[in-house]
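Since this is a predicted model, take the numbers as computed values, not measurements. All residue numbers refer to positions in the sequence shown, counting from 1.
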Amino acid sequence: MKYRSRNIAQTESIAAKLAGSLEDRRCVALYGELGAGKTQFVRGLVAGLGGNPRAVSSPTFVLLNVYTAGTTTVHHLDAYRVAGSRDFEQIGFSELLEQDGVIVIEWAEKVADLLPPRRIDVRIEIISASQRQITIERIG
Ligand SMILES: Nc1ncnc2c1ncn2[C@@H]1O[C@H](COP(=O)(O)OP(=O)(O)O)[C@@H](O)[C@H]1O
Ligand SMILES: [Mg+2]
C-alpha cells in the first residue's frame, strides 16, 4: 500500500491506521534516510495503539525505548548506530521477539538478518520538505 503524506499529522494518522490493522504481526521495520520521518511514524503508531505519542523519542543513543500503549507494550529500537546484528543480539533482540508486545525498528536494514519473516515493512521516502511517500508492505 502506498500513501502520500503532506505533513506530520498525515504521517501520524497513516501510522495510527496501521496500528489498528497489525493483527498478529508484532514487528514493524522502518526504512528511510535520516529525517525521513521514522520516529514521527512511531509516534502515530503508539498513539494508534492507545499510548502517548509525546513519550516517543529517538532511541538513537539508548538503542531501545519502551512505552506502554493501551493494553500492549511497544519496544522501539533504532539500529542507526549499531555496527551490525551482533550489537542487537547483545541487547536481547531475539528474546524481545519472543515477548508479547509490538516491536518497531528504525534503520531495520542494518539488522536485516535478524528480522522475523512475518513482519510489516514501512519505507518512507522524502519527496520534498513536507511530503513523504510511505509504502507499507506485509511480509511473510
Ligand atoms: N510529511 C512529513 N512526515 C513526517 N515528518 C515530516 C513530514 N514533513 C516534514 N517532516 C519533518 O521531518 C522530520 C522527521 O524527523 P524524524 O521522524 O526524527 O526522522 P527519522 O526518524 O526518519 O530520522 C521532522 O523534523 C519532521 O518535522
Ligand atoms: Mg529516528
K.L.:
Minimum heavy-atom separation for Ser57 and Asn65, please, with both atom names.
P.N.:
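Smallest heavy-atom distance, with atoms named: O-ND2, 2.9 Å.
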K.L.:
Linking I/L/V/M/F/W/Y whenever any side-chain heavy atoms sit under 4.5 Å apart, do Tyr31 and Leu114 land together?
P.N.:
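Same cluster.
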K.L.:
Quick check against the 3.5 Å criterion: does Lys38 have a side-chain atom that pairs as donor or acceptor with the backbone of Ser58?
P.N.:
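The answer is no, because no donor-acceptor pair under 3.5 Å joins these two groups.
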K.L.:
Going from CZ on Arg118 to CZ on Arg138, what distance comes out if it is rounded to the nearest 0.5 angstrom?
P.N.:
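It is 8.0 Å, given to the nearest 0.5 Å.
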K.L.:
Under 3.5 Å, is there a donor-acceptor pair between the side chain of Lys110 and the main chain of Tyr80?
P.N.:
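Checked: pair present.
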K.L.:
Does the side chain of Asp113 pick up a donor-acceptor pair with the side chain of Ser85 at under 3.5 Å?
P.N.:
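Per modelled atom types, Asp113 and Ser85 side chains form a pair under 3.5 Å.
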K.L.:
Side chains of Gln131 and Ser5: do they bring a donor and an acceptor to under 3.5 Å?
P.N.:
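There is no such pair (donor and acceptor under 3.5 Å, judged by atom type) between the side chains of Gln131 and Ser5.
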K.L.:
Hey, what do you get for CD (Gln40) to CD1 (Ile14), rounding to the nearest 0.5 Å?
P.N.:
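Those atoms lie 12.0 Å apart.
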K.L.:
Show, in sequence, the C-alpha distance, side-chain angles and deciding distance for Leu96 and Leu77, and conclude whether the side-chain contact (heavy atoms from CB on, under 4.5 Å) test is met.
P.N.:
CA-CA 11 Å; Leu96 265 190; Leu77 296 113; 4.0 Å; yes
K.L.:
Do the side chain of Arg25 and the main chain of Ser21 share a donor and acceptor less than 3.5 angstrom apart?
P.N.:
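Between the backbone of Ser21 and the side chain of Arg25 there is no qualifying donor-acceptor contact (under 3.5 Å).
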K.L.:
Taking Ile134 as the starting point, is it possible to reach Val102 by hopping between hydrophobic residues whose side chains are less than 4.5 Å apart?
P.N.:
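Both belong to a single hydrophobic cluster.
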K.L.:
Could you please spell out the steps behind the side-chain contact (heavy atoms from CB on, under 4.5 Å) verdict for Glu137 and Arg123?
P.N.:
CA-CA 9 Å; Glu137 192 183 357; Arg123 294 198 152 71; 4.2 Å; yes
K.L.:
Give a yes-or-no answer on whether the side chains of Tyr67 and Asn52 include a donor-acceptor pair shorter than 3.5 Å.
P.N.:
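Absent: no donor and acceptor within the cut-off.
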K.L.:
Strictly below 4.0 Å, N to O, side chains only: are Arg26 and Asp24 in salt-bridge contact?
P.N.:
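Salt bridge absent between Arg26 and Asp24.
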K.L.:
For side-chain contact (heavy atoms from CB on, under 4.5 Å), just list the numbers for Leu64 and His76, CA-CA rounded to whole Å, side-chain angles, deciding distance to a tenth of an Å, and then say yes or no.
P.N.:
CA-CA 6 Å; Leu64 170 67; His76 178 195; 5.6 Å; no
K.L.:
Please list, chain by chain and in numerical order, all residues satisfying side chain to side chain donor-acceptor pair (under 3.5 Å) with Gln10, sequence neighbours excluded.
P.N.:
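Result, side chain to side chain donor-acceptor pair (under 3.5 Å) vs Gln10: none returned.
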K.L.:
Hey, what do you get for NZ (Lys2) to CD (Glu125), rounding to the nearest 0.5 Å?
P.N.:
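Rounded to the nearest 0.5 Å, the NZ-CD separation comes out at 7.0 Å.
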K.L.:
Transitively linked via ILVMFWY side-chain contacts under 4.5 Å: Leu22 with Val42?
P.N.:
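Same hydrophobic cluster.
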K.L.:
Please evaluate residues Ile136 and Asp121 with respect to the criterion side-chain contact (heavy atoms from CB on, under 4.5 Å), reporting the C-alpha separation (whole Å), side-chain torsions for both, the decisive distance (0.1 Å), and the verdict.
P.N.:
CA-CA 6 Å; Ile136 299 179; Asp121 278 356; over 6 Å; no
K.L.:
Leu115 pairs by side-chain contact (heavy atoms from CB on, under 4.5 Å) with which of Leu97, Ile105, Ile139, Ile103?
P.N.:
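Only one of Leu97, Ile105, Ile139, Ile103 forms a side-chain contact (heavy atoms from CB on, under 4.5 Å) with Leu115, namely Ile105.
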K.L.:
Transitively linked via ILVMFWY side-chain contacts under 4.5 Å: Ile124 with Ile126?
P.N.:
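Per the 4.5 Å side-chain linkage, Ile124 and Ile126 are not co-clustered.
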K.L.:
Name the one of Val104, Thr11, Ile8, Val46 that satisfies side-chain contact (heavy atoms from CB on, under 4.5 Å) with Phe41?
P.N.:
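Of the listed residues Val104, Thr11, Ile8, Val46, the side-chain contact (heavy atoms from CB on, under 4.5 Å) partner of Phe41 is Thr11.
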K.L.:
Among residues at least two apart in sequence or on other chains, which ones pass ring pair (Phe, Tyr, Trp, His ring centres under 6.0 Å) with Phe93?
P.N.:
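Phe93: ring pair (Phe, Tyr, Trp, His ring centres under 6.0 Å) contacts with Phe88.
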K.L.:
Taking only residues two or more places apart in sequence or in another chain, which ones pass side chain to side chain contact (heavy atoms under 4.5 Å, CB included) with Thr73?
P.N.:
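Residues passing side chain to side chain contact (heavy atoms under 4.5 Å, CB included) with Thr73: Val66, His75.
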K.L.:
Taking CG in Asp100 as the centre, count heavy atoms belonging to other residues, nucleotides or ligands within less than 6.0 Å. Is the count above 12?
P.N.:
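No, the 6.0 Å shell around CG holds no more than 12 heavy atoms from other groups.
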